[in-house]
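What you see is a predicted model, and the numbers here were worked out from it, not measured in a lab. Every heavy atom of this structure was used, including side-chain atoms; hydrogens, water molecules and symmetry mates were not.
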Amino acid sequence: MTRFPLTRMARALLGFGLLASPLAAQTPDPASGAYIATTADCAACHTAKGGKPFAGGYAINSPMGVITSSNITPSKAFGIGSYTLEEFSDAVRKGIRRDGAHLYPAMPYPAYAHMSDADIAALYDYFMQDVAPVETAAPETDLPFPFSQRWAMIGWNALFAGGAPITSDPDQSEAWNRGRYLVQGPAHCGTCHTPRNLLMGSKTADLMAGGDVGAWYAPNLTPGKGGLSDWSDADLARYLKTGIATHGRASGPMAEAVEYSLQHLSDTDIDAMVTYLRSLPARDSDLSPAAGQATDAAFAPWEHSANRTGHRLAKDAGGAELYETACASCHGLSGEGSKDGTYPALKDNVTLENGQSANLVSTILHGVTREADGKHTLMPGFGPDSLVQKLDDAQIARLASYASTTFGDTGQTVTADEVKTLRTGGPVAPLVRLAAPQIMIGVALVVLLVLVLLVVWLIRRRR
């Protein structure tokens, strides 16, 4: 299982209805609990949209079902107010609640296990002293069987969790050690960027080699083929800080990570993360270096969309007509983008390269929202909830195919079925398929048959 950050947009009201980082108006202090909470992106999953900070109630759409985040305010009745430091540490680093129940790894405790005792203590003090208690219970998570059996996490944890706090490597620089701590610990980058096995545990041998995150793809962060080999240090640092780089723009879960966590980190910490990522063993992938960073547009002036809302598209409209109606007003008829770079060019854009269909389609479906570096970036989506121009699955497939074949280096054809899969949350995980009722019944019958045969054999042997 993973954090499933397919939808990490839970924030309290501020600006466009979202919660700012605890450090939004503060000078970063890496030792402070507020800074650590921002690095760990705690507010992202523990604040319901429009709700009170850290009060929980946000529904995280995971392959196993909807996981509802808990209240982590210092409320003694409904939150963590009665937790001791040791109990808090067990919850954060081991995934075990005060009552002994196991958390689901939608809460990335396998990564938080690497956090230092000092940072855990500072985080505890922050939640107990600086966060306002909310005396409201968050809804309980109710997953279908067999995932409802929290005790089963004992086995999963034994296989894939249980890490220890990271210690410094004396043979490496201070920056490298700090970067490794941030990337593997509180920032939990590997939760999304490391591929998963059949049981949804991280493939540690392929650390940061890229992985599926619902309808998105988290890119390969190693220096290998399809990774960050052609990114400069400055490009990577700017991307982490602003979501903007020469090679791509942050969209989906990565845009949220930039907005509510990474942009608030100190330049020293961002540079340290870059230093560490540069040192990772190269892992090749078939995808381009910025899979997951989909094209976006700083779409604030809604009057630019007049031709979209005023044009009635035929159901069988071709890709060129769809592009001219939905995209050309910002990205240009020839995909050249705007001269000032506000609207990115589609020519030579990595999102239109081979293997990027998931990120391209997800961006068309859901749009982009990101507030970083003092700028609000907004591109409207064109899926079923669009307020601009609703496109069905077949139309989005034709639009994506046209854009990738017209402006991409290697064209890719997208089908309506692929769009539907991404629109409904992405491919079903193998573990979920195995848990289908008919399969479980079949397995139970096989086990029962084996037991019956074993009993018969024992009886005959005794005779």
Output, in order, the C-alpha distance, side-chain angles, deciding distance and verdict of side-chain contact (heavy atoms from CB on, under 4.5 Å) for Leu240 and Met254. CA-CA 9 Å; Leu240 293 175; Met254 188 61 194; 4.0 Å; yes
Do the non-hydrogen side-chain atoms of [X] and [Y] ever get within less than 4.5 Å of each other?
{"X": "Pro105", "Y": "Met200", "answer": "no"}
{"X": "Gln172", "Y": "Tyr276", "answer": "no"}
{"X": "Ile364", "Y": "Val361", "answer": "no"}

For Tyr109 and Asn157, what are the C-alpha separation, side-chain angles and deciding distance, and is it a side-chain hydrogen bond (donor to acceptor under 3.5 Å, both in side chains)? CA-CA 10 Å; Tyr109 58 85; Asn157 290 338; 2.6 Å; yes
Applying side-chain contact (heavy atoms from CB on, under 4.5 Å) to Trp216 and Cys192, what does each step give before you reach the verdict? CA-CA 10 Å; Trp216 300 85; Cys192 294; over 6 Å; no
I'd like to know if the side chain of [X] reaches the main chain of [Y], judged simply by a donor and an acceptor atom lying under 3.5 Å from each other, with no hydrogens or angles considered.
{"X": "Thr406", "Y": "Ala403", "value": "no"}
{"X": "Arg93", "Y": "Met115", "value": "yes"}
{"X": "Ser168", "Y": "Asn177", "value": "no"}

Are Asp269 and Lys241 within salt-bridge range, i.e. N to O under 4.0 Å? no
Could you list the donor-acceptor pairs under 3.5 angstrom formed by side chains in residues 136-153, with sequence neighbours left out?
unit_1	atom_1	unit_2	atom_2	d
Thr141	OG1	Thr68	N	2.9
Thr141	OG1	Thr68	O	3.1
Gln149	OE1	Trp151	NE1	3.1
Arg150	NH1	His102	O	2.7

Just to verify, which of Tyr83, Tyr112, Tyr124 counts as forming a ring-ring contact (aromatic ring centres under 6.0 Å, His included) with Phe88? Tyr124
Might you work through the side-chain hydrogen bond (donor to acceptor under 3.5 Å, both in side chains) test for Asn71 and Thr73, ending with a clear yes or no? CA-CA 6 Å; Asn71 182 333; Thr73 73; 2.7 Å; yes
